[in-house]
Undergrad: 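Once you've had a glance at the structure underneath, I'll fire off some questions.
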Amino acid sequence: MPRNRTNAAILAAGGTAVLLWFTLGSLGTGIARSGAWSSYLPSIPAGTWWLTSVDAGGVFLVMVLVLALVLALSIPVLRSTRTGGATIVLALWWVTIAAGAMGTLAWSVIRTDRSPYETAWSSATALGPGAWWGLVSGCLVGLVAWRVRGTVGIVPAPAAHRLALPAAVGAAATTAVLAGAAWALSGALRSWALGEILPATSPARQDAQRVVETFLPLSRGMSVPVSDTDGSAYLLGAVALLLVVGLVGTAAGLTASLRGGRTALVLALWLTVVLGSTVAAFVSVLPLTGQVGGFADLLRYGATLVTTGGVWGLMYGWLAALGGLLVGWLVDRSTVRNTPTLLTEVPTPARAPRPGAAG
């Protein structure tokens, strides 16, 4: 029964992902063609309009790739009988983001029509639409798979050796600190590098700008950086990232297991970095509110930049997640080693001598 439920959950995850890929693709295409709210939906190659275009073959291949990745990456998560619901949902959320990002990356290679990818190639333009689609739809994919998987065959919490609170907090805090430090440092490096390059008045400078924007996909736009605002913005974003990763990562750690569930824990912590960097990206553009004409305009301006922040988490979140796994394992070992044994040996009472027995 558990194996049948696991297989059904894997298929449910893939089917839900493809359905959402097609549905959101159709919705995004329709809204983009009408010109309203187009910046809030992912421009993924899917939907009714795409399937009737000259690129229908490439669109179908991308959809198959997304399905295959969701199915393959869901296997180690859903086969774990020691992992709780929160970790499973978060891990499958990451799976959906990764599959979407790889789908739009493949599309950026095989497409024949440049639209809607008219800007210069970078990690944000290639991975961003798919990553944004995964952020929007991944939670639903995880919830559906978790509900289909059910609790039949799940090892009870004591036997599963779930992470205790100190280990879960240690894993989440380490992931948060590493991700926050990396966000602030990469932001400072990006500002310095673009300050040296821009304006891109030569082909060499344009190539250098593309390299920086590909490997440091942060969210401050394409203008020449201003040191006094960029530094505070990246630090503010780092604080937001710390809070998101710390809170969500602790919830993931409390339902995770280091015995047969390490993969799910790493993916869940990785997902927290993606969520945190997405929030940090929006926080980083808040100082631009006055420049763009108010908060309402900032929402529209910042929508595409928030996507870029999520790509940063997808590219570099695994480093912080592995650090969190290591610290969680060390704290868990220390906690288990220092926990006193609750069961003590009860001595067997001596038998009373039988009456008349020889002394």
Undergrad: Between A240 and V283, what is the shortest heavy-atom contact and its length?
TA: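 In this case the closest contact between A240 and V283 is CB-CG2, 3.9 Å.
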
Undergrad: Could you give the distance from SG (C139) to CG (L92), rounded to the nearest 0.5 Å?
TA: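 It is 10.5 Å, given to the nearest 0.5 Å.
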
Undergrad: For L61, enumerate each residue passing the side-chain contact (heavy atoms from CB on, under 4.5 Å) test, keeping only those at least two apart in sequence or located in another chain.
TA: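 side-chain contact (heavy atoms from CB on, under 4.5 Å) list for L61, sorted by chain: empty.
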
Undergrad: Look at the side-chain heavy atoms of Ile, Leu, Val, Met, Phe, Trp and Tyr, link any pair under 4.5 Å apart, and say whether L143 and W21 land in one connected group.
TA: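 The answer is yes; both residues are in one hydrophobic cluster.
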
Undergrad: A184 and L235: which non-hydrogen atoms are nearest, and at how many Å?
TA: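 Closest approach of A184 to L235: CB-CD2, 4.3 Å.
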
Undergrad: If the test is side-chain contact (heavy atoms from CB on, under 4.5 Å), which one of L243, V245, V244 qualifies with L241?
TA: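 Among L243, V245, V244, the one meeting side-chain contact (heavy atoms from CB on, under 4.5 Å) with L241 is V245.
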
Undergrad: Looking at residues at least two apart in the chain, or sitting in another chain, which of them share a ring pair (Phe, Tyr, Trp, His ring centres under 6.0 Å) with W93?
TA: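 Ring pair (Phe, Tyr, Trp, His ring centres under 6.0 Å) list for W93, sorted by chain: empty.
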
Undergrad: So which residues get pulled into V177's cluster when ILVMFWY side chains under 4.5 Å apart are joined, directly or through others?
TA: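 Traced through the cluster, V177 reaches L242.
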
Undergrad: Starting at OG1 of T6, measure out to CD1 of I75 and round the result to the nearest 0.5 Å.
TA: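 Going from OG1 on T6 over to CD1 on I75, the span is 10.5 Å.
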
Undergrad: Does W329 belong to the same Ile/Leu/Val/Met/Phe/Trp/Tyr cluster as L178, with side-chain heavy atoms less than 4.5 Å apart forming each link?
TA: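 No; tracing contacts between hydrophobic side chains, which count when under 4.5 Å, never links both residues.
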
Undergrad: Treating Ile, Leu, Val, Met, Phe, Trp and Tyr as nodes and any side-chain heavy-atom pair under 4.5 angstrom as an edge, say whether V248 and V141 lie in one connected cluster.
TA: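 Linked, V248 and V141 end up in one cluster.
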
Undergrad: Does one hydrophobic cluster hold both L275 and V239, with members joined at side-chain heavy-atom distances below 4.5 Å?
TA: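 No, it is not one cluster - the side chains of L275 and V239 are not joined through contacts under 4.5 Å.
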
Undergrad: Are side-chain heavy atoms of I110 and V62 found at a separation under 4.5 Å?
TA: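 Of all side-chain heavy-atom pairs linking V62 with I110, at least one is under 4.5 Å.
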
Undergrad: Applying side chain to side chain donor-acceptor pair (under 3.5 Å), name anything that partners T16, two or more places apart in sequence or on another chain.
TA: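 Side chain to side chain donor-acceptor pair (under 3.5 Å) list for T16, sorted by chain: empty.
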
Undergrad: Give a yes or no on whether L247 and L163 share a hydrophobic cluster (residues Ile, Leu, Val, Met, Phe, Trp, Tyr; joining criterion: side-chain heavy atoms under 4.5 Å apart).
TA: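 Unlinked, L247 and L163 end up in two clusters.
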
Undergrad: Give, for atom CH2 of W270 and atom OG1 of T175, the distance between the pair rounded to the nearest 0.5 Å.
TA: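 One gets 12.5 Å once the value is rounded to the nearest 0.5 Å.
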
Undergrad: Could you pull out all residues at least two apart from A200 that satisfy side-chain contact (heavy atoms from CB on, under 4.5 Å)?
TA: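 Result, side-chain contact (heavy atoms from CB on, under 4.5 Å) vs A200: L198, R205, Q206, Q209.
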
Undergrad: If we check side-chain contact (heavy atoms from CB on, under 4.5 Å) with W133, which of these qualifies: T96, I97, T104?
TA: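 Between W133 and the candidates, side-chain contact (heavy atoms from CB on, under 4.5 Å) is satisfied uniquely by T96.
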
Undergrad: Just to verify, what does W94 make a side chain to side chain donor-acceptor pair (under 3.5 Å) with, not counting sequence neighbours?
TA: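 With sequence neighbours excluded, W94 shows a side chain to side chain donor-acceptor pair (under 3.5 Å) to no residue whatsoever.
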
Undergrad: Other hydrophobic cluster members with F60, side-chain heavy atoms of Ile/Leu/Val/Met/Phe/Trp/Tyr under 4.5 Å, chained?
TA: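 Via sub-4.5 Å side-chain contacts, F60 links to V64.
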
Undergrad: Given a cutoff of under 4.5 Å between side-chain heavy atoms of I, L, V, M, F, W and Y, with clusters grown through shared members, what are the other residues clustered with L254?
TA: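 Via sub-4.5 Å side-chain contacts, L254 links to L165, V169.
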
Undergrad: Might you point out which heavy atoms bring G103 and L65 nearest each other, and give the distance in Å?
TA: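 The answer is CA-CD2, 4.2 Å.
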
Undergrad: Please report the interatomic distance CZ(R149) to OG(S80), rounded to the nearest 0.5 Å.
TA: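 Interatomic distance, R149 CZ to S80 OG, rounded to 0.5 Å: 8.5 Å.
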
Undergrad: Report the residues that fulfil side chain to side chain donor-acceptor pair (under 3.5 Å) with T255, sequence neighbours left out, ordered by chain and then residue number.
TA: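 If we apply the side chain to side chain donor-acceptor pair (under 3.5 Å) test to T255, skipping adjacent residues, the hits are T87.
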
Undergrad: Decide yes or no for W107 and P129: does some side-chain heavy atom of the first lie under 4.5 Å from some side-chain heavy atom of the second?
TA: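 The answer is no; the side chains never approach within 4.5 Å.
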
Undergrad: Is the closest side-chain heavy-atom distance between V77 and T83 below 4.5 Å?
TA: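 Side-chain contact under 4.5 Å: no.
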
Undergrad: Does any part of the side chain of V273, heavy atoms only, come nearer than 4.5 Å to the side chain of W312, both counted from C-beta?
TA: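 Sidechains of V273 and W312: in contact.
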
Undergrad: A side-chain contact here means heavy atoms from C-beta on lying under 4.5 Å apart; do S334 and V331 qualify?
TA: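 Of all side-chain heavy-atom pairs linking V331 with S334, none is under 4.5 Å.
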
Undergrad: Taking T23 for the side chain and L20 for the main chain, is one N or O donor matched with an acceptor at less than 3.5 Å?
TA: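 Flag not set: sc T23 to bb L20 has no pair under 3.5 Å.
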
Undergrad: According to side-chain contact (heavy atoms from CB on, under 4.5 Å), who are the partners of T214, at least two apart in sequence or on a separate chain?
TA: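 By the side-chain contact (heavy atoms from CB on, under 4.5 Å) rule, T214 matches W121, S122, S123.
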
Undergrad: Check whether any side-chain heavy atom of L267 sits under 4.5 Å from a side-chain heavy atom of L271, and report yes or no.
TA: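 No. Closest side-chain heavy atoms not under 4.5 Å.
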
Undergrad: What's the separation between atom OG1 in T308 and atom CG in L216, rounded to the nearest 0.5 Å?
TA: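 Spacing of OG1 (T308) from CG (L216) equals 12.0 Å.
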
Undergrad: Could you pull out the closest heavy-atom pair between S74 and V95, with the gap in Å?
TA: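 Taking S74 first and V95 second, the nearest heavy atoms are OG-CG1, 4.1 Å.
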
Undergrad: So does G261 get a backbone contact from the side chain of R82, meaning a donor-acceptor N/O pair under 3.5 Å?
TA: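 Pair absent, no side-chain N/O of R82 close to backbone of G261.
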
Undergrad: Using the test side-chain contact (heavy atoms from CB on, under 4.5 Å), find all partners of A12 that sit at least two apart in sequence or belong to another chain.
TA: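 So A12 forms a side-chain contact (heavy atoms from CB on, under 4.5 Å) with V144, V148.
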
Undergrad: Which residues, ordered by chain and number, are linked to L19 in its hydrophobic cluster, where ILVMFWY side chains connect at heavy-atom gaps below 4.5 Å, directly or through other members?
TA: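 None, because no other hydrophobic side chain comes under 4.5 Å of this residue.
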
Undergrad: Measure the spacing between OH of Y316 and OG of S277 and express it to the nearest 0.5 Å.
TA: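 Interatomic distance, Y316 OH to S277 OG, rounded to 0.5 Å: 12.0 Å.
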
Undergrad: Looking only at non-hydrogen atoms, find the nearest pair between A238 and G180 and report the distance.
TA: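 In this case the closest contact between A238 and G180 is CB-O, 3.6 Å.
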
